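For reference, the structure is listed below as C-alpha cells.
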Amino acid sequence: MRQPCVYLLASKKNGTLYCGVTMNLPARLEDHQTKSNPDSFTAKYGVDRLVWFQDFDDMASAIQREKSVKKYPRQWKINLIEAMNPDWLPLCPMTGMIVR
C-alpha cells in the first residue's frame with residue numbers, strides 16, 4: 001500500500017503520542033510494533049498502537065500536515081484522535097477499521 005499518510009500512535013488511551021509520516025503505513029506500523037529500531041522513541045516508550053491516520057494524494061501535502069500536527073498542543077491531538085476513534089482502539093492501517 002503506497003499511499004502518503006500522516007499517523008498518530010499511542011502507548012494506550014491518553015498515553016504517550018507519536019506523530020509520523022510515511023508512504024507505506026502497514027510496513028511502517030510493523031516497524032514500530034516489532035521495534036525494528038530498539039533505540040527509537042516508539043520502542044523505548046511502547047508507542048505502537050495506531051489510533052489515527054489521514055491519507056494524502058502526495059507526499060508534500062502529507063509532510064506539511066505532519067509538521068502542522070506536531071505543532072499543535074497535546075489536547076488538540078487528543079481531540080483529533082477522539083473525533084475518529086473515541087476509545088483509542090487500534091486501527092487497521094489498510095481499512096481504518098478498529099482491530100478487535
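Please read these numbers as outputs of a predicted model, since none were measured by experiment.
Of the possible polar contacts, none joining the Q3 side chain to the N24 backbone as a donor-acceptor pair under 3.5 Å is found.
Separation of atoms CD1 (I81) and CZ (F53) is listed at 13.0 Å; rounding is to 0.5 Å. Taken to the nearest 0.5 Å, the CG atom of L17 stands 12.5 Å off from the OG1 atom of T42. Distance check: L91 CG to Y7 OH gives 14.0 Å after rounding to the nearest 0.5 Å. The structure places CD1 of I63 at 7.0 Å from NZ of K67, a figure rounded to the nearest 0.5 Å.
Annotation for C5 and A62: closest pair N-CB, 4.2 Å, computed over non-hydrogen atoms. The shortest non-hydrogen separation linking F56 to S61 is CD2-CB, 3.8 Å. Closest non-hydrogen pair, P38 versus A43, comes out as O-CB, 3.6 Å.
For R49, there are no side chain to side chain donor-acceptor pair (under 3.5 Å) partners, not counting sequence neighbours. In this structure, the side-chain contact (heavy atoms from CB on, under 4.5 Å) partners of C19, at least two apart in sequence or on a different chain, are V6, L8, E66, V69, K70. Applying the side chain to side chain donor-acceptor pair (under 3.5 Å) rule to N14 yields no partners; only residues at least two apart in sequence or on another chain are considered. Residues satisfying the side-chain contact (heavy atoms from CB on, under 4.5 Å) test with T16, not counting sequence neighbours, are S11, F41, Y45, V47. Partners of R28 under the salt bridge (Lys or Arg N to Asp or Glu O under 4.0 Å) rule, at least two apart in sequence or in another chain, are D31. For Y18, the ring pair (Phe, Tyr, Trp, His ring centres under 6.0 Å) partners at least two apart in sequence or on another chain are H32. Every residue meeting the side-chain contact (heavy atoms from CB on, under 4.5 Å) condition with N37, not counting sequence neighbours, appears here in chain and number order: D39, S40. Remark: K44 engages no residue in a side-chain contact (heavy atoms from CB on, under 4.5 Å) (not counting sequence neighbours). When the side chain to side chain donor-acceptor pair (under 3.5 Å) test is applied to S68, no partner is found at least two apart in sequence or on another chain.
Within the structure, ring-ring contact (aromatic ring centres under 6.0 Å, His included) contacts touching residues 76-99 (residues at least two apart or in different chains) are Y72-W76. Annotation: salt bridge (charged side-chain N to carboxylate O under 4.0 Å, His left out) contacts involving residues 76-88, sequence neighbours excluded, are absent. Pairs engaging residues 10-22 under the salt bridge (charged side-chain N to carboxylate O under 4.0 Å, His left out) rule: none recorded [sequence neighbours left out].
Within a 6.0 Å sphere centred on CG of D57, heavy atoms belonging to other residues, nucleotides or ligands number 12 at most.
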- Message: Checking L29 against L9 for the side-chain contact (heavy atoms from CB on, under 4.5 Å) test, could you report, in this order, the C-alpha distance in whole Å, the side-chain angles of both residues, the deciding distance, and whether it holds?
- Response: CA-CA 9 Å; L29 184 58; L9 302 179; 3.8 Å; yes

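Side-chain atoms of T34 and D48, non-hydrogen and from C-beta on, never get closer than 4.5 Å to each other.
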